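Here the structure is a predicted model, which means the values were calculated and not measured.
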Amino acid sequence: MNDFTRRTALKGAGATLGAAAFAHAMAPLTEWTKDLSLDEFLQRHYKELTPEEMKVILRRLEEETKQEYGRDVTIQDLPPQEGVSFGYALNLSVCIGCRKCAEACHQENNHDRRTGNSYIRVLEMEQGSLDLERGNADYDHAVPAPGKYYLPVQCQQCDNAPCVKVCPVQATWKEQDGVVVVDYNWCIGCRYCEAACPYHARRFNWSKPEVPAEEINPDQGYLSNRIRPQGVVEKCTFCLHRTRAGRLPACLEACPTGARVFGNLLDPKSPIRWVLENKRVFVLKEELGTRPRFFYFFDK
Amino acid sequence: MDTALEDGVAATSSIPLLSVLVALTLCGCDRDVPRRLQPAPGASTGVETVLVPEKLTSIESGEVDARGQPLRVPCVSCHSLKEPARMPDGPEALQEFHRGLQFRHGELACTSCHQADAPQSLHLATGEPLPMTDVMTLCSQCHGPQARDFRAGAHGGMTGHWDLSRGDRTRNNCVSCHDPHTPKYAGALPVMPPRPKHPSPTPEDRSHE
Amino acid sequence: MAASRHVLDYPRFLGRLLWMSTDGSWRFYVWMTVLTAICLVGANAWARQLVDGMALTGMSDHVSWGLYVANFTFGVGLAAGAVMMVIPAYLYHDHEMHDVTLVGELLAVAAIALSLLFIVVDMGHPERAWHLIPGVGRFNWPVSMLTWDVVVLNGYLLLNLHVCGYLLYMRFLGQKPRKRWYLPFVFLSIFWAVSIHSVTAFLYSGLGGRPFWNSALLAPRFIASAFITGPAFVILLLQVIRKFTGLPIGEGPGRTLTSVMRVTVLLNLFMLGSEVFTAFYTGGAHAGPAQYLFFGLHGHHALVPWIWTAVACNVASAVLLHLPASRRHVTVLNVACVLAFVGVWIEKGMGLIIPGFVPSTLHEMVEYVPTVTEWKITAGIWAFGLMLLTVAVKVALPVLSGQLASHSAPKGEPTSQEKEHRAAA
């Protein structure tokens with residue numbers, strides 16, 4: 001019996017020690033929970049929010065940006081336009097591979113400055129080959145180099161998007177204007193979409209994005225360029241905070257050679273429709289059946 | 001007794017599970033707030049403007065003004081006063097002004113585009129005079145496909161609004177990008193040089209390790 | 001009346017088992033302390049990863065899954081394979097097997113728990129896991145294969161918990177288990193075991209953008225390799241149990257499992273060979289990942305030592321298992337089991353997940369090397385899984401052997417202690 005009580009006491013001591021050690025091991029979590037508000041934790045899916053709830057959330061996010069990044073920003077939630085379905089085309093004959101589009105994307109979309117993130121990757125390709133295996137994204141010499149052409153790749157806004165299919169929580173979906181978006185406050189960060197995307201279009205926030213206050217683009221959208229939280233996936237949205245206000249995407253405006261054509265696929269008089277009807281366009285990895293809305297063409 | 005026991009086990013395992021499932025299904029009915037759309041674009045109100053680059057009406061003097069801006073001299077300040085010289089055969093003949101002009105534009109001669117007696121103005125292939133600011137008409141004579149693409153919005157780039165019902169749009173001029181004397185687009189060093197592709201943590205983060 | 005009795009008695013029974021599990025020999029305490037320490041190191045690393053972000057891992061936008069998902073995949077296979085023992089026991093009425101099926105099911109429970117933990121640590125926002133609850137969150141079922149995986153893994157966990165719990169409870173009460181309360185579940189769990197690993201394979205093989213995974217052979221390969229690791233682990237586990245508890249476990253189960261492994265190791269190698277042939281004979285872009293995995297590509301070789309270790313382990317275990325010595329000498333068998341386990345762990349983990357990402361979908365070469373954080377968390381989860389298994393086996397066996405029963409005095413606990421002491425001595 002003596003042995004029994006001694007054993008119980010020892011067990012108690014062991015359990016206390018274990019609990020203390022566990023608490024100590026998990027101590028960093030206090031820092032983590034500090035950043036996590038209850039409102040954010042309980043926030044429901046984008047599609048379930050009423051306009052009033054969305055308003056409250058947008059103000060909360062603006063407040064948080066002010067506190068964490070020291071910048072007054074405006075976060076809007078612009079809806080898609082009736083009768084508008086976006087399409088993009090890129091003229092490979094005139095693209096010189098200067099990466100100005102990638103830079104504009106970096107600035108417009110408040111990408112992490114440390115990693116130099118951008119939704120656009122430009123591949124230097126061999127003339128006469130469409131084999132991505134022979135492409136190189138790490139070129140660092142004067143462009144255009146002889147014998148090369150340049151293939152900028154960004155989200156293709158597929159109509160049959162593998163990323164949307166695989167998301168276990170519907171945190172990513174296709175909007176009525178054709179743009180595939182992510183609800184950064186709903187994404188669980190499993191990165192299945194990143195594995196599913198055949199175009200390397202998705203990015204994960206491996207750490208909290210760093211952007212100096214003066215470099216922050218204050219014109220922000222809930223579904224697009226607001227500063228993303230750590231641990232969620234993000235992607236190109238055709239700059240929907242701009243394009244849903246009728247403006248052109250940042251990458252298009254930045255292109256010094258006018259290689260990019262953007263517009264409303266439903267408008268027969270739009271430049272994008274003209275390209276689709278008059279140029280021999282193609283899409284990347286057509287054989288995968290993803291049905292991209294991003295088209296490429298050569299002039300000559 | 002046995003039957004009762006079995007029922008008991010069944011009850012313990014299935015009833016709570018079932019009620020949870022029912023509850024979940026009930027609140028799982030379609031909760032999506034219907035997505036409102038913006039009204040369709042109305043009648044066109046925006047304007048499309050084609051840039052008229054300064055270089056069509058003036059030239060850099062090589063001097064800078066008080067604010068450090070390059071000082072430009074209007075073409076007419078020389079070309080209206082000076083007795084028009086004979087149009088040179090090629091750029092190397094330019095001794096006094098426009099020295100060092102590079103010319104790589106096919107088999108063209110200066111007078112193919114410039115008026116022989118008024119070099120600040122252009123002329124079409126028919127000989128019809130053309131103000132310098134209408135240079136795009138001149139280019140279009142030879143570069144039909146580009147002109148066609150430009151008109152369609154598929155060449156030359158633009159800024160502003162894709163949707164003219166919501167704002168204006170600015171188009172580049174041919175000569176915004178192409179120097180008419182050396183029209184091949186100049187290359188450049190790319191921006192955003194390659195970086196390590198692993199998002200390595202900051203030094204502070206590493207200190208935790 | 002009887003029902004209400006069980007409502008209280010069953011949790012009480014589970015509580016008693018849990019309390020009992022804290023008793024043991026000094027070896028048991030040392031073992032559990034070591035595992036706890038590793039767990040705590042892992043927990044600490046995970047807490048830091050949550051705070052500082054997944055940048056602490058070796059993953060990147062190019063290789064967006066790594067060691068965690070590799071171990072998840074392996075864990076699911078282990079869980080599926082553990083139920084291998086159920087098939088001969090119930091389908092072929094192998095009576096000797098009946099007694100040890102429970103061990104397999106407990107292993108399945110521990111392996112599923114381990115797999116689920118590997119998913120949790122791989123998530124950028126684990127606190128948002130409630131978004132996965134059907135009805136409360138937005139469960140993208142049936143479109144997303146990941147939701148299928150959530151369903152089948154949790155279902156498998158419940159299924160095995162039910163079967164184990166019911167059989168043990170009945171044994172404890174001294175009653176004969178009613179077939180209708182466990183047999184349908186046992187048969188279901190056999191199909192379910194195949195489904196969990198098929199679904200896990202479909203997670204990868206359904207992705208058209210990843211040629212290395214986009215193979216119909218992936219699911220069969222997963223099943224074959226599961227039926228290597230499951231039996232291999234159980235063969236070793238049964239010996240440990242025999243050694244430390246003195247429970248009389250016959251040679252039969254081990255022999256049955258060994259014959260299963262003799263088939264599956266060969267099947268697995270055959271399918272690996274088929275994949276290798278298809279990749280290399282066809283060539284082109286589809287061979288890129290295989291080229292990278294086996295020989296290195298464009299000057300990148302990080303996985304080459306891994307995969308050749310795996311191939312060596314798998315071939316060696318296949319040879320050993322087919323040597324007559326494996327029947328006579330248990331050491332030979334044990335070495336074969338360990339080799340098979342390690343070989344499949346690499347082949348199905350690092351050797352399968354990472355080449356899916358290298359070269360990337362835009363054919364960029366970015367390599368992946370796990371960081372210290374990842375190794376700590378991985379070790380922590382494995383330690384946790386082993387703790388779970390130890391406790392589960394430890395409490396189940398006295399009930400199974402009849403040492404702990406409702407009709408015996410509550411002093412049954414010291415009795416089992418004494419037994420432990422004797423075993424340890």
Between [X] and chain B, which part of the residue has a heavy atom less than 4.5 Å away: side chain, backbone, both or neither?
X      : answer
A:E103 : both
A:F86  : side chain
A:L49  : backbone
A:H45  : neither
A:I96  : side chain
A:K269 : neither
A:V143 : both
A:R273 : neither
A:N136 : neither
A:P256 : both

Item to complete: Start with the C-alpha gap between A:R247 and B:D163, add the side-chain angles, then the distance that decides, and say whether salt bridge (charged side-chain N to carboxylate O under 4.0 Å, His left out) holds.
Response: CA-CA 7 Å; A:R247 296 168 63 202; B:D163 182 357; over 6 Å; no
Note: [X]-[Y] ion pair, threshold 4.0 Å (strictly below):
X      : Y      : result
A:E234 : A:R203 : no
A:K279 : B:D149 : yes
A:R113 : A:E210 : no
A:K100 : A:E253 : no
A:E175 : A:K47  : no
A:R228 : A:D112 : no

Looking at [options], which has the largest count of heavy-atom pairs under 4.5 Å with chain B?
options                        : value
A:G263, A:G116, A:S118         : A:G116
A:A245, A:P144, A:A145         : A:A245
A:A102, A:G258, A:P80, A:A142  : A:P80
A:D299, A:D140, A:N278         : A:D140
A:N91, A:N117, A:T257          : A:T257
A:L248, A:V122, A:I272, A:T243 : A:L248

Worksheet item: Will you find, in the side chains of A:H141 and A:E124, an N or O donor that is under 3.5 Å from an N or O acceptor?
Response: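 The criterion, which ignores hydrogens and geometry beyond distance, is satisfied for A:E124 and A:H141.
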Discussion item. Is a donor from one side chain sitting under 3.5 angstrom from an acceptor on the other, for A:E108 and A:H241?
Written reply: yes
Discussion item. Can you list everything that forms a salt bridge (Lys or Arg N to Asp or Glu O under 4.0 Å) with B:R148? Sequence neighbours excluded, please.
Written reply: none
Worksheet item: Would you say the ring centroid of A:Y119 lies under 6.0 angstrom from that of A:H111?
Response: yes
Just give me the residue among [options] that pairs up with chain A most often, heavy atom to heavy atom, under 4.5 Å.
options                        : value
B:G157, B:G167, B:A188         : B:A188
B:S176, B:G160, B:A154         : B:G160
B:P193, B:G153, B:G156, B:A152 : B:A152

Worksheet item: In terms of heavy-atom proximity below 4.5 Å to chain A, should B:N172 be classed as side chain, backbone, both, or neither?
Response: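 Neither the backbone nor the side chain of B:N172 comes within 4.5 Å of chain A.
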Practice prompt. Indicate the ring-plane relationship of A:W206 and A:F204, choosing parallel, tilted or perpendicular according to the 30° and 60° boundaries.
Written response: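 If you compare the ring of A:W206 with that of A:F204, the planes turn out perpendicular.
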